[in-house]
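The block underneath contains the structure these notes are about, expressed in structure tokens.
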Amino acid sequence: MFTVGIDLGTTTSVVAYIEDGTPKLVEVDGGKITTPSVVSYVDGHPIVGREAILNGNSSDTLFSMKRLMGSNEKVAGKSAVEVSADILSHLKKITEAKVGKQIDSAIITVPAHFSDLQRTATKQAASIAGIKVLRLINEPTAAALAFGIDKNKNGIFAVYDFGGGTFDFSVLRL
């Protein structure tokens with residue numbers, strides 16, 4: 001079973017996995033470890049990331065759709081779940097090609113303020129992309145774990161995630 005961590009961001013997205021106990025980031029967009037969370041629909045087919053920015057036009061290029069997660073609102077005929085699914089499908093395809101393993105599941109970060117409806121929408125997008133969600137983790141909590149705050153430390157920690165589209169703050173007691 002191959003599991004990845006995905007930060008499905010408002011402005012950019014990232015994929016990571018653990019190999020021999022060491023976290024690795026996947027170059028998902030032209031040698032970069034981040035890809036813009038942007039989708040352009042050309043002849044009905046999604047183009048994701050920098051290519052979408054370079055080759056799309058204003059009427060078919062969608063960005064910041066994460067802000068609409070959990071709503072029924074559509075932009076250019078697409079819901080946030082559909083656009084997010086296209087981003088996740090792209091990340092899955094690139095990661096599988098780079099790592100040489102099929103992604104079975106993922107842990108996906110979400111803003112700390114996401115409601116149950118928004119969390120469910122994120123899981124739906126992953127399901128459409130063929131990814132089983134093991135867990136959704138609040139973005140600040142994921143940041144704390146990434147920096148090893150859980151390793152042999154006790155106390156109360158304030159952690160913030162100043163993302164491209166959100167600002168989250170969490171208090172952790174370890």
Side-chain angles (χ1 to χ4, degrees), residues 3-18 23-41 46-56 61-71 73-76 78-96 98-99 103 105-147 149 159-170 172:
T3 301
V4 297
I6 300 174
D7 179 8
L8 178 61
T10 306
T11 55
T12 61
S13 295
V14 179
V15 179
Y17 63 99
I18 303 289
K24 306 273 184 182
L25 294 169
V26 180
E27 293 178 354
V28 289
D29 197 346
K32 309 255 185 212
I33 59 170
T34 63
T35 189
S37 298
V38 176
V39 181
S40 182
Y41 293 92
I47 298 172
V48 178
R50 284 173 183 75
E51 186 179 347
I53 293 170
L54 296 173
N55 296 320
T61 303
L62 306 177
F63 56 93
S64 296
M65 290 295 286
K66 182 175 164 180
R67 294 176 190 273
L68 300 178
M69 283 300 250
S71 77
E73 188 173 339
K74 292 190 176 197
V75 177
K78 299 289 183 178
S79 70
V81 169
E82 292 170 310
V83 175
S84 295
D86 287 335
I87 294 167
L88 289 168
S89 292
H90 174 77
L91 294 173
K92 180 180 185 224
K93 179 181 169 185
I94 296 296
T95 300
E96 288 175 344
K98 295 264 183 181
V99 178
I103 294 174
S105 55
I107 297 168
I108 300 177
T109 63
V110 293
H113 70 274
F114 257 25
S115 68
D116 285 341
L117 190 61
Q118 291 167 306
R119 290 169 190 271
T120 298
T122 302
K123 288 179 182 178
Q124 288 173 336
S127 178
I128 293 167
I131 300 170
K132 177 184 174 187
V133 177
L134 292 181
R135 187 166 184 189
L136 296 177
I137 296 181
N138 290 340
E139 291 166 352
T141 303
L145 293 171
F147 283 100
I149 202 168
V159 182
Y160 69 90
D161 174 36
F162 190 54
T166 59
F167 177 70
D168 288 326
F169 182 84
S170 292
L172 305 175

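- Looking at Val110 and Gln118, their side chains never come closer than 4.5 Å, going by heavy atoms from C-beta outward.
- Atoms OH and CD, from Tyr41 and Glu82 in turn, are 7.0 Å apart once rounded to the nearest 0.5 Å.
- Residues Ser37 and Thr11 have side chains not in contact (no heavy-atom distance under 4.5 Å, counting atoms from C-beta outward).
- Thr95 has its side chain within reach of Val28: a pair of non-hydrogen atoms, C-beta onward, lies under 4.5 Å apart.
- Using a 4.5 Å heavy-atom threshold, the side chains of Val38 and Thr61 count as touching.
- When all heavy atoms of Thr3 and Tyr17 are compared, the pair lying nearest together is O-CB, 4.0 Å.
- Of the inter-residue distances, the one linking Ile107 atom CD1 with Leu134 atom CG reads 5.5 Å to the nearest 0.5 angstrom.
- In this structure, Leu68 and Met65 have side chains that are in contact, with non-hydrogen atoms separated by less than 4.5 Å.
- Between atom CD1 of residue Ile94 and atom OG1 of residue Thr35 there is a gap of 8.5 Å, rounded to the nearest 0.5 Å.
- Between Ile131 and Ser105, the shortest heavy-atom contact is CG2-C, 4.2 Å.
- Between Ala126 and Val133 the shortest heavy-atom distance is CB-CG2, 3.4 Å.
- Checked options Val15, Ile103, Val48; the residue passing with Leu91 is Val15 (criterion: side-chain contact (heavy atoms from CB on, under 4.5 Å)).
- Atoms OG1 and CD1, on Thr122 and Ile108 in that order, are 7.0 Å from each other to the nearest 0.5 Å.
- Taking OG1 of Thr120 as the start and CE of Met69 as the end, the distance is 10.0 Å to the nearest 0.5 Å.
- In this structure, CG in Asp116 is found 7.0 Å from CZ in Arg119, a value given to the nearest 0.5 Å.
- Closest of all the heavy-atom pairs between Pro46 and Val39 is CB-CG1, 3.8 Å.
- Nearest heavy atoms, Pro36 versus Arg50: CD-NH1, 3.4 Å.
- Side-chain contact check for Lys66 versus Phe114: some heavy-atom pair is nearer than 4.5 Å.
- When every heavy atom of Asp29 is checked against every heavy atom of Thr34, the shortest pair comes out as CB-O, 3.7 Å.
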